[in-house]
Amino acid sequence: MDTLVGTPPATSVPTTLRKLYFLRFAFAAVWAALLFATADKLGALTATLLVIYPLFDVACAVVDIRAARTTGRPARALYANIALSALTGIGLAVAATSGIPAVLRVWGAWAVTAGIVQLVVGIARRQLGGQWAMIASGGISTLAGASFIAQAGKDGASLTGLAGYAFLGGVFFLVSALRLRDERGR
């Protein structure tokens, strides 16, 4: 007896993005709670959390690129995001040995540049729906990054703002996940 072994149809880009965005929301919420609980001291756990966040961003961008390739959509901005996030992970590992102001400067520079990339990707994907949240998030990220850099130069610099920033970014991913449309416009 012959058995046909079929391959399941490839997952659509909106479906892949929806799942990825839900995952990013969950990760950001948990990460923000953990950072908020440890942000008063830049110890090993806090430093580890700081490095993990951009590395998780790298992994998400790889998934995003694979989804974009299935449709032939350009992914140059996503490659830039991978490079920026990987460099940020390294930069945060080094900055964590110098103190909170150094961490805020590295994180702020990443937030500015990643925000610009997010704006570009969101605008390019606006036909998928739900991208207004990504566009707004990119703009807010750019402004927040500048404020982190400014905060680094003041007395009493704190990491708690990074937790709020990450959680808000996660909320934007949640909104985008809920608003994405599939190929049939649903």
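For the single chain, residues carry numbers from 1 onward in sequence order. Predicted model, so just to flag it, every value in this text is computed and none were measured.
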Query raised in the report: Would you say the side-chain atoms of Ser85 and Tyr53 include a donor-acceptor pair closer than 3.5 Å?
Result: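 No donor-acceptor contact under 3.5 Å links the two side chains.
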Kindly give the heavy-atom pair with the smallest separation between [X] and [Y], and that separation in Å.
X: Ala32; Y: Ala163; result: CB-O, 3.3 Å
X: Ala109; Y: Ile149; result: N-CD1, 3.7 Å
X: Asn81; Y: Ala114; result: OD1-CB, 4.3 Å
X: Leu42; Y: Ala96; result: CD2-O, 3.4 Å
X: Ala111; Y: Ser141; result: O-OG, 2.8 Å
X: Ala80; Y: Val117; result: CB-CG2, 4.5 Å

Using modelled atom types only, decide if a donor and an acceptor are shared between the side chain of [X] and the backbone of [Y] within a distance under 3.5 Å.
X: Trp31; Y: Leu49; result: yes
X: Thr88; Y: Trp110; result: no
X: Thr97; Y: Ala93; result: no
X: Thr46; Y: Thr38; result: yes

With a 4.5 Å cut-off on side-chain heavy atoms, are [Y] and [X] touching?
X: Val63; Y: Lys19; value: no
X: Val62; Y: Arg66; value: yes
X: Gln151; Y: Pro101; value: no
X: Ser158; Y: Ile100; value: no
X: Thr48; Y: Ile52; value: yes
X: Phe172; Y: Ile140; value: yes

Query raised in the report: Would Arg18 and Ser176 satisfy side-chain contact (heavy atoms from CB on, under 4.5 Å), going step by step from the backbone distance to the final call?
Result: CA-CA 8 Å; Arg18 187 175 296 113; Ser176 285; over 6 Å; no
Please determine whether residues [X] and [Y] belong to a single hydrophobic cluster, defined as Ile, Leu, Val, Met, Phe, Trp and Tyr linked transitively by side-chain heavy-atom distances below 4.5 Å.
X: Val51; Y: Val106; value: yes
X: Val121; Y: Val112; value: no
X: Val30; Y: Leu45; value: yes
X: Leu55; Y: Ile82; value: yes
X: Val58; Y: Leu87; value: no

Query raised in the report: Checking side-chain contact (heavy atoms from CB on, under 4.5 Å) for the pair Leu159/Leu50: CA distance, chi angles, key distance, verdict?
Result: CA-CA 10 Å; Leu159 298 174; Leu50 291 168; 4.3 Å; yes
Query raised in the report: Is the distance between the ring centroids of Phe148 and Tyr165 less than 6.0 Å?
Result: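 Aromatic pair counts; centres sit under 6.0 Å.
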Query raised in the report: Taking the six-membered ring for Trp, are the ring centroids of Phe173 and Phe25 within less than 6.0 Å of each other?
Result: no
Requested in this report: Start with the C-alpha distance between Tyr21 and Leu174, add both sets of side-chain angles, then the distance that settles side-chain contact (heavy atoms from CB on, under 4.5 Å), and finish with yes or no.
Outcome: CA-CA 6 Å; Tyr21 290 176; Leu174 177 62; over 6 Å; no
Requested in this report: Assess whether side-chain contact (heavy atoms from CB on, under 4.5 Å) is satisfied between Asp57 and Arg24, documenting all intermediate values.
Outcome: CA-CA 9 Å; Asp57 194 57; Arg24 290 188 78 143; 2.2 Å; yes
Query raised in the report: Atom CG of Leu119 and atom CD1 of Ile135: how far apart are they, to the nearest 0.5 Å?
Result: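 These two atoms lie 7.5 Å from each other.
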Requested in this report: Return the set of residues passing side chain to side chain contact (heavy atoms under 4.5 Å, CB included) with Ile90 (not counting sequence neighbours), or none when no residue passes.
Outcome: none
Query raised in the report: Considering residues, nucleotides and ligands other than Phe36, do more than 12 of their heavy atoms fall under 6.0 Å from its CZ?
Result: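 Not buried by this count: 12 neighbours or fewer within 6.0 Å.
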